[in-house]
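Remarks on the structure that follows.
Lettering of chains follows the sequences in order, A, B, ..., and the numbering in each one begins at 1.
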Amino acid sequence: MMKLIAIILASTLLLACTSTPKTKDYTKFQRNTDSLPLENAHLTIILKAEQLVDFNGVYSSDRSVSQAGMMYSGSAGGAGFLAQILTHAAVTSSSQQSKLNENQKKANKVLAPFKEELNSFRQSELVHKNPNYQFSQTKESGINVETTPMFYLSQDMKNIVLKLLVSVTSEKQKKPIYQNLVEYVSKDVTDKNKVDYWSKNSSQNLKTTSKELYQASLQLAIKDIKNELSSKSSQTKTYRYYTGEALKIERGALVQSNCKRTTVRNLRGWLISFPVEENNQDVTICDSQPG
Amino acid sequence: MKFLSATIACLFILLTTGCATVPQAKVTLNNTFFQQTDKVVGLYVSNLPKNPDTHLYGASCLLCYAVASTANSSLTKHIKTVSTDDLAILEKELTQSLKNEGINVKVIKDKLNIDELKKFSNKDGFHARKDYRSLKEKLNVDKLIVINFKNVGVFRSYSAYVPTSDPMGFVSGELYSVDLVTNRYDLYEPINIKVAVKGSWDEAPNFPGVTTAFFEALELSKSNIMHIFKANQGS
């Protein structure tokens, strides 16, 4: 009986101690837009214009650590034994977090050649004109779409991935009525010298690509907010694409595809949009969707 | 007394070193494999589970394992409902790929009891440790490619009671090809794919992050196996 209690206590405590901390590029998908007429609604896009654009290197999310065995003292009693396990868990959890921080720090070194430009690249440069929405720094009456863009440059500098956190609120409800993440992968840069490509003319290509990615992913998010993105099939399958040389695999249901780009809704409900490989035989129709 | 202790220590060392098995080293596939188009090559996929499972390593005491197992019970319950069909099509895809190279492939569907084969005496690292030669007549093939899956599902490492990794998509096993005349390996490659979850993993009850990492592991193991047979074709 004591053993059973110990197992339940230890498992519960360990579960609480060892779950992954939520990273900034994570959100839980939710939609509660049925009660609101969003089809023709004019939206206000909230973007902190003066804030620096959040640029990162693509990092590894593996935070496993190798650890030598831990010696527990048998004379500590039941409470002492649990305390030892919790201390062990805390030390391990801290090592895991350090490893993840180290992965991110190491990955960000890829941005070194663009450091100066990125230090003055503000979110105001992502603002653009569109008849269906307007930008604001603060919430206004009606439907507000709060956007948090995070850009990731692949380690071989071949492409940029935008992860856009979207949270929709209305003046009638305090809680978000829609919340999601859109991941938008740019097409590959074919120039041999990638540093030159991204940095020339005061990093003009880096800024233009970022702006295009933000615009395209925002429009995709708005379509989803307005419930205009119905899945072509509820059947999930595995999709392969590349961010630079790295093969990426996503599991999800197809939302839209053309000769340039495929968009899927993954198992978390996030929208993932990636360029189609040139030799892909599955796609035939090409429209004006941004590449 | 000292002599007795020394004898016991020597005996213990001899016994324990005698029991240890040296892992099979990698054997790279030679391009001649693809030039022997007159040979019939058997393809056998073994131990592919219909449903995946969680595999907890390092929770080495009984109580530790009970704690680890309980802590991961909802993940285990979920992952057992996911299908491994994506990996099952590997047999078909590899058969087609080899056929495209002009190789006469015969898929072996009947169960082979490889563990029951006799031991093979040549332990130079290039010959199989079991004697596969008896299968030549039985299967009517000249070479046998075996894809042997050992673990398919989710991996999580522990140090006693404490997890040292998040759950990861996991496929392990071995891929090898044996010449049934010489019992020599044409190829030996261990399979060990672990895929970290992007973002948070603790998303009960459907664990979409872990499920995606699992499918990524399936896809990567398939891709690696296909690549091994493709990479050598042109070289």
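- Within 6.0 Å of atom CG in D110(B), 12 or fewer heavy atoms from other residues, nucleotides or ligands are found, so the atom counts as exposed in its surroundings.
- Looking at V195(B), there are no atoms closer than 4.5 Å to chain A (heavy atoms on both sides), in backbone or side chain.
- Side-chain contact annotation: S64(A) with D166(B), donor-acceptor N/O pair under 3.5 Å absent.
- A salt bridge is absent between K198(B) and D62(A): the closest approach of a Lys/Arg side-chain nitrogen to an acidic carboxylate oxygen does not fall below 4.0 angstrom.
- Between E203(B) and Y26(A), the closest side-chain pair of non-hydrogen atoms falls below 4.5 Å.
- At a threshold of 4.5 Å between non-hydrogen side-chain atoms, the residues T212(B) and N266(A) do not count as touching.
- R251(A) places a side-chain heavy atom less than 4.5 Å from the side chain of D86(B).
- In this structure, CZ on R268(A) lies 7.0 Å from OG on S200(B), to the nearest 0.5 angstrom.
- Closest heavy-atom contact between P163(B) and T92(A): O-CG2, 3.3 Å.
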(request) With side chain to side chain contact (heavy atoms under 4.5 Å, CB included) as the test, would you mind laying out the steps for N206(B) and L267(A) before giving the verdict? (result) CA-CA 9 Å; N206(B) 293 324; L267(A) 300 182; over 6 Å; no

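- Residues Y239(A) and E219(B) bring no donor and acceptor atom of their side chains to less than 3.5 Å of each other.
- Around NZ of K106(B), the count of heavy atoms belonging to other residues, nucleotides or ligands within 6.0 Å exceeds 12.
- To the nearest 0.5 angstrom, T238(A) atom OG1 is 7.5 Å from L218(B) atom CG.
- A distance of 13.0 Å separates CZ in F215(B) from NZ in K237(A), rounded to the nearest 0.5 Å.
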(request) Carefully, step by step, assess L220(B) and L247(A) under the rule side chain to side chain contact (heavy atoms under 4.5 Å, CB included). (result) CA-CA 9 Å; L220(B) 286 175; L247(A) 171 66; 3.8 Å; yes

